Undergrad: 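The structure under discussion is supplied below as structure tokens; questions concerning it will follow.
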2 protein chains.
Amino acid sequence: MTGNRAQQKEKTRRTIIDAAFHLLSQERSYSSLSLREVTREAGIAPTSFYRHFEDMEELGLTLVDEGGVALRQLMRKARQRMREEGSVISTSVETFMEFIHNSPHVFRLLLRERTGNSLAFRKAVSRELQYFVVELADYIQQTQGYPAEEAKVQADAMVILVFNAGAEALDSKSAERKLLTKKAVIQLRYVARGAEGYRKIRKLYHADN
Amino acid sequence: MTGNRAQQKEKTRRTIIDAAFHLLSQERSYSSLSLREVTREAGIAPTSFYRHFEDMEELGLTLVDEGGVALRQLMRKARQRMREEGSVISTSVETFMEFIHNSPHVFRLLLRERTGNSLAFRKAVSRELQYFVVELADYIQQTQGYPAEEAKVQADAMVILVFNAGAEALDSKSAERKLLTKKAVIQLRYVARGAEGYRKIRKLYHADN
DNA sequence: TACTTAAGAGTACAAGTGTAAGCTGAAATT
DNA sequence: AATTTCAGCTTACACTTGTACTCTTAAGTA
């Protein structure tokens, strides 16, 4: 049967990816994984790894990509909820916190590699975060009518604050997570309201446009 | 001569610490350093390492401590400048950015280990950052008269934003660094003004206190 | 001066690493 | 049916790693 072989190969590839994800934990970052460990976990011979990836870096970037996809799916979900429930900030933060709770490996990967050794990794994660920033900036620009530049700065601050709250929430229990969520919501409101304040001032000075 | 031996030992200890700092770079995080690498760089035998530190973790925590000291010195400098120049936010951010520019290893160490593998490291860095948060919260509380809780949330947001701006600035050229400084300053102003907005609302509702 | 202490070096070893080279057998192609 | 392709395996090698053990030698002590 044609394609049977390719199918099997794809399956093994998935096994490797899943094995790598599975090995990530509180005390194991991706950069601390060895090729042999991953293949051991995947149940294949060390040298077979090379049939699927050039090296560990390539596998790692694949993981980051997959993490990014998961994150963007999440964003879609948040948008949907926003339409249903109204409150933009709190639904966004809550959705994000749920994600971290449900897929800690994925978030941890992005979190660690964002400031990790490899430039390629840092760039990849930074790119994923930029998706958020741009999308949020668009939203702010359209619904609140901010100029693009201002909306971007505002969105950037918000994404950083949520991401950091997520990082803190990673290793904490449900009660503490709720507190962190609350804190993040307040912080985002500060940013939103602060930006608004500056917009009003500007309007006062340039009342003609 | 009494104390000569201890003196020599201290000197070697310093050599080890300096060697470790020296090995940190864009592509080498502390957790990726081996004991042998450090001793090689320090010019001592691998096994001599144990005369000074229990293991690599102990050395690492020492580095984090030293980084913290440097950071607190910086804070003192910022306070001094604030008195001279007035503008709290922009002087703070600028001082911080100068620090990152002048001691990138130290900042990189804190940045990476903040989200690293070792819980001990994460806690140590988090503690260093809390010094900033608490001190800044005190300042806000005293000069602007916010309640402690609110000042803390505000300070927390500000420290996160500055720290993240620093992270971005680490690998960037002077021109880009200026832009990042500007962005961070705006973001902090958003937070400050946003917090103020909420305080006014609260006062409106609880006009009796 | 004789004795003790301890920093630092040297040797050695088991355990892990990445990856080159070559083999096997089933799937795909001719 | 004969041939080619290629995913996965085995073996092998040259390294690096942390650290236990032992020795040396100069400083400190009695």
Side-chain angles (χ1 to χ4, degrees), chain A residues 1-25 27-63 112-113 116-121, chain B residues 1-25 27-63 112-113 116-121:
Chain A
M1 235 186 271
T2 282
N4 194 350
R5 181 129 102 187
Q7 210 173 314
Q8 174 54 39
K9 181 169 185 184
E10 181 53 34
K11 209 171 145 192
T12 306
R13 189 186 139 97
R14 252 281 40 101
T15 309
I16 296 175
I17 292 174
D18 290 343
F21 261 125
H22 191 248
L23 286 172
L24 297 177
S25 69
E27 43 279 312
R28 301 300 315 266
S29 69
Y30 181 77
S31 46
S32 80
L33 298 184
S34 75
L35 182 151
R36 287 177 106 109
E37 265 181 300
V38 173
T39 54
R40 218 177 296 136
E41 177 76 19
I44 62 168
T47 47
S48 300
F49 179 91
Y50 297 108
R51 302 285 184 204
H52 302 273
F53 301 96
E54 178 83 9
D55 51 25
M56 283 294 283
E57 170 146 308
E58 196 181 306
L59 168 59
L61 291 175
T62 305
L63 295 192
R112 296 235 165 115
E113 300 313 324
N117 302 336
S118 155
L119 179 62
F121 275 44
Chain B
M1 237 186 268
T2 282
N4 195 349
R5 182 129 103 187
Q7 209 173 315
Q8 174 54 39
K9 181 171 185 183
E10 182 53 36
K11 210 171 144 192
T12 306
R13 188 187 140 97
R14 254 275 46 99
T15 309
I16 296 175
I17 292 174
D18 290 344
F21 261 125
H22 191 249
L23 286 172
L24 296 177
S25 69
E27 42 279 312
R28 301 300 315 268
S29 69
Y30 181 76
S31 47
S32 79
L33 297 184
S34 74
L35 182 152
R36 288 177 105 108
E37 265 182 301
V38 173
T39 54
R40 220 178 294 137
E41 177 76 19
I44 61 168
T47 47
S48 300
F49 179 91
Y50 298 107
R51 303 284 184 203
H52 303 272
F53 302 95
E54 178 84 9
D55 52 24
M56 282 294 282
E57 171 145 307
E58 196 181 305
L59 168 59
L61 292 174
T62 306
L63 295 193
R112 296 233 164 119
E113 300 312 325
N117 301 336
S118 155
L119 179 62
F121 276 43

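Just so it is clear, the values below take in all heavy atoms, side chains as well, and ignore hydrogens, waters and symmetry mates. Here is the naming used below: chain letters follow the sequence lines, and residue numbers restart at 1 for every chain. Computed from a predicted model, the values in this text were never measured in an experiment.
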Undergrad: Which whole-number value in Å describes the distance from A/Ile44 CD1 to D/dA7 C1'?
TA: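 Distance, rounded to whole Å: 10 Å.
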
Undergrad: Could you tell me the separation between the CZ atom of B/Phe53 and the P atom of D/dT19, rounded to a whole number of Å?
TA: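 B/Phe53 atom CZ is separated from D/dT19 atom P by 15 Å.
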
Undergrad: Which nucleotide in the list C/dT19, C/dA9, D/dG8 gets nearest to the side chain of A/Ser48?
TA: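 Side chain of A/Ser48 sits closest to D/dG8.
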
Undergrad: D/dT17 P sits how many Å from A/Glu37 CD, rounded?
TA: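 These atoms are roughly 17 Å apart.
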
Undergrad: Taking A/Arg112 for its side chain and A/Gly116 for its backbone only, find out whether a donor-acceptor pair lies under 3.5 Å.
TA: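 It does not hold such a pair.
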
Undergrad: Without decimals, in angstroms, what is the distance between B/Phe49 CZ and C/dA6 C1'?
TA: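 It is 18 Å, rounded to the nearest whole Å.
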
Undergrad: Applying the side chain to side chain contact (heavy atoms under 4.5 Å, CB included) criterion to B/Phe53, which one of B/Ile17, B/Leu61, B/Leu35 satisfies it?
TA: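 In the set B/Ile17, B/Leu61, B/Leu35, the residue that makes a side chain to side chain contact (heavy atoms under 4.5 Å, CB included) with B/Phe53 is B/Ile17.
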
Undergrad: Is B/Arg40 touching bases, backbone alone, or none of the nucleic acid, heavy atoms closer than 4.0 Å?
TA: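 Sugar-phosphate: the residue B/Arg40, judged by heavy atoms under 4.0 Å, touches backbone atoms but no base.
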
Undergrad: Between D/dT16 and B/Ser34, is there an OP1 or OP2 to side-chain N/O distance shorter than 4.0 Å?
TA: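 The answer is no; no side-chain N or O of B/Ser34 sits under 4.0 Å from OP1 or OP2.
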
Undergrad: Does the side chain of A/Thr12 pick up a donor-acceptor pair with the side chain of A/Gln8 at under 3.5 Å?
TA: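 Result is yes, a qualifying pair exists.
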
Undergrad: Which atom names give the shortest non-hydrogen contact between B/Ala19 and B/Val38, and what distance separates them?
TA: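 Minimum heavy-atom separation between B/Ala19 and B/Val38: CB-O, 3.8 Å.
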
Undergrad: How do B/Ala6 and B/Leu33 order along DNA chain D: which one's closest nucleotide is nearer the 5' end?
TA: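 Looking at the nearest nucleotide for each, B/Leu33 comes out on the 5' side.
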
Undergrad: Does the C/dG8 base have a donor-acceptor partner in the side chain of B/Arg51 within less than 3.5 Å?
TA: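 Yes, the side chain and the base share a sub-3.5 Å donor-acceptor pair.
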
Undergrad: Distance from A/Arg36 atom CZ to A/Phe49 atom CZ, nearest 0.5 Å?
TA: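 Atom-to-atom, A/Arg36:CZ and A/Phe49:CZ are 13.0 Å apart.
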
Undergrad: Regarding C/dG16, can its base be found pairing with the side chain of A/Arg36 as donor and acceptor, where the two atoms are less than 3.5 Å apart?
TA: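 Checked by distance alone, the answer is no.
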
Undergrad: Return the value, rounded to whole Å, for the distance between atom CD of A/Gln7 and atom P of D/dC6.
TA: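 That distance rounds to 18 Å.
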
Undergrad: In whole Å, what is the span from the CD atom of B/Glu54 to the C1' atom of D/dT19?
TA: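 Atom-to-atom, B/Glu54 to D/dT19, this comes out as 12 Å.
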
Undergrad: Figure out the OH/C1' separation between B/Tyr50 and D/dG18, and round it to whole Å.
TA: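 To the nearest whole Å, that distance equals 5 Å.
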
Undergrad: Taking any heavy-atom pair under 4.0 Å as a contact, classify B/Thr47: base, sugar-phosphate, or nothing.
TA: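 The answer is base, as B/Thr47 lies within the cut-off (heavy atoms under 4.0 Å) of a base atom.
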
Undergrad: Provide, to the nearest angstrom, the distance between the CG atom belonging to B/Leu59 and the P atom belonging to D/dG18.
TA: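 To the nearest whole Å, that distance equals 12 Å.
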
